[in-house]
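Have a look at the structure below, then the notes.
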There are 2 protein chains.
Amino acid sequence: MTQVIRTAAELREKVAAWKRSGMLVGVVPTMGALHDGHLSLARAAREQSDRVIVTVFVNPMQFNNPADLEKYPRDEAHDLALLEAEGVDVLFAPGVDEVYPDGFATTVSITGITEPLEGAFRPGHFDGVATVCSKLFGMTQAGRAFFGEKDWQQLQVVQRLVRDLNIPVRIIGCPTIREADGLAMSSRNVRLSDAHRAIAPRLHEVMQGAAARIREGLPAEAALNDARAALAEAGFGAIDYLELRTVEGLRPAADLSEPVRMLAALWLGDVRLIDNIAV
Amino acid sequence: MTQVIRTAAELREKVAAWKRSGMLVGVVPTMGALHDGHLSLARAAREQSDRVIVTVFVNPMQFNNPADLEKYPRDEAHDLALLEAEGVDVLFAPGVDEVYPDGFATTVSITGITEPLEGAFRPGHFDGVATVCSKLFGMTQAGRAFFGEKDWQQLQVVQRLVRDLNIPVRIIGCPTIREADGLAMSSRNVRLSDAHRAIAPRLHEVMQGAAARIREGLPAEAALNDARAALAEAGFGAIDYLELRTVEGLRPAADLSEPVRMLAALWLGDVRLIDNIAV
């Protein structure tokens, strides 16, 4: 039986009782519209914690685009049913006024790794992520927090956050979950038209092809240029970025002399897709 | 026996052991050069917690003035002896590299109450305070933290911080401790020349006089103007501010229609003094 909690005060009491019994709390922060990617995180939390909290909060502070915030899918009843099935203990679903009450005045900002990629295209996004994650870690007092590698840069930002502010939570990154055709699961996928949904898996396919060619020795920039052309050909819109970055520090990478990741963000109609893979 | 700890990792182990026994940890964050004001905080922590950590860290991030940072008094051996006598369990005295290691990239900023008074005269000061306090709360995992009312605005900022980021610590403000002649205790007082030390108590005396006249019905601005003249007459240098502010939100106040505080910052030679009193 998953208990729905809406206030930080009620959550604090719940968590305090668990902690008195020496239990380790795991948290999965989400924005709801749950899919198998989220559920894989809930399962990891279930395996690695005594009690599991899934938070569902569509955080206005991390949306740079008001239309994206407005159109972000929400379906709490469905989310709750999925979490019940996973044996999640608490669905924490606070309202905006609970998270940002009158007088709220604090921002957590991170320089460096927040600046390229998503940070360059979504001003203020990572301030919103870092601030709300600080709050969720404080509210849940979780010992472990589970994030998907799908949001690779976000995962690095959250790891930087907890290290820098000495927040007593261990961040655990979990693999991206994909549809059978390779499309990375995302709550925003439901907004794709049928025609666009048919095109969408080409992103992962093209990225994997480019990664294979780079591993075979083709210069990265040539492989990425070919990939960009293939994506345009396939029917994608503007490419915000398609880049190689070092795993450590997300610095631009031109070759495989250190571990790198290929990251992409691009448009398909009015939906923005992101993905990333190891190279 | 007060144990000296210098790393977050060692402190975490110590605190984890206490927490497993269900103990409540109290922390007194300081910059060292301890005086009776700090010791009153340690005593309050002793009374209201099972275990007491006093942190000593001269936080470069909160000094806007490099000369002030350099001249800030430091005497760890003396601090340790004082804390031994108070029965403090741990003196946590990390180095700068322990608090801000390579790659550190995070800032906690608060708008509103950080902007007037000290915030106006010490750019970046409260970012440094909020950031280091976030870190110290994370490192100590304290349930209670004790701050002096001497730094009234800082106390409000820290209260805002823990409310806004849902940090699970209760902030406890403790009264300003004064010398017999009324001078508010401060680590910087040791830097006053004998002549300036003789003048310094006039600050509290003049503020109390002004507060009494305001309570008797004199318009606040007239009373504050007279006080400014009296301070100049007494030999003080530039007055950064001498103001009435609301207790709630530190808004400018012109009268006693809601609870107010009188706050001052001014120079005596090359030492900057601050003080505040209820009106």
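Just so we're on the same page: letters track the sequence lines, and every chain starts at 1. Just so you know, these numbers come straight off a predicted model, no measurement behind them.
Your options are B:V169, B:V162, B:L165, B:V108, and the one with the most heavy-atom pairs under 4.5 Å with chain A is B:L165. Comparing B:G138, B:A8, B:A105 by heavy-atom pairs within less than 4.5 Å of chain A, the highest count is held by B:A105.
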Table up the donor-acceptor pairs between chain A and chain B that sit under 3.5 Å, atom names plus distance.
unit_1 : atom_1 : unit_2 : atom_2 : d
A:G103 : O      : B:R160 : NE     : 3.3
A:G103 : O      : B:R160 : NH1    : 3.2
A:G103 : O      : B:R160 : NH2    : 3.4
A:A105 : N      : B:D164 : OD2    : 2.7
A:A105 : O      : B:T111 : N      : 2.9
A:A105 : O      : B:T111 : OG1    : 3.4
A:T106 : N      : B:D164 : OD2    : 3.3
A:T106 : OG1    : B:D164 : OD2    : 2.7
A:T107 : N      : B:S109 : O      : 2.8
A:T107 : O      : B:S109 : N      : 2.8
A:S109 : N      : B:T107 : O      : 2.8
A:S109 : O      : B:T107 : N      : 2.8
A:T111 : N      : B:A105 : O      : 2.9
A:T111 : OG1    : B:A105 : O      : 3.4
A:K135 : NZ     : B:D164 : O      : 2.6
A:K135 : NZ     : B:N166 : OD1    : 2.8
A:R160 : NE     : B:G103 : O      : 3.4
A:R160 : NH1    : B:G103 : O      : 3.2
A:R160 : NH2    : B:G103 : O      : 3.3
A:D164 : O      : B:K135 : NZ     : 2.6
A:D164 : OD2    : B:A105 : N      : 2.7
A:D164 : OD2    : B:T106 : N      : 3.2
A:D164 : OD2    : B:T106 : OG1    : 2.7
A:N166 : OD1    : B:K135 : NZ     : 2.8

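Taking A:A42 as the reference, A:V54, A:V88 meet the side-chain contact (heavy atoms from CB on, under 4.5 Å) condition, with sequence neighbours excluded.
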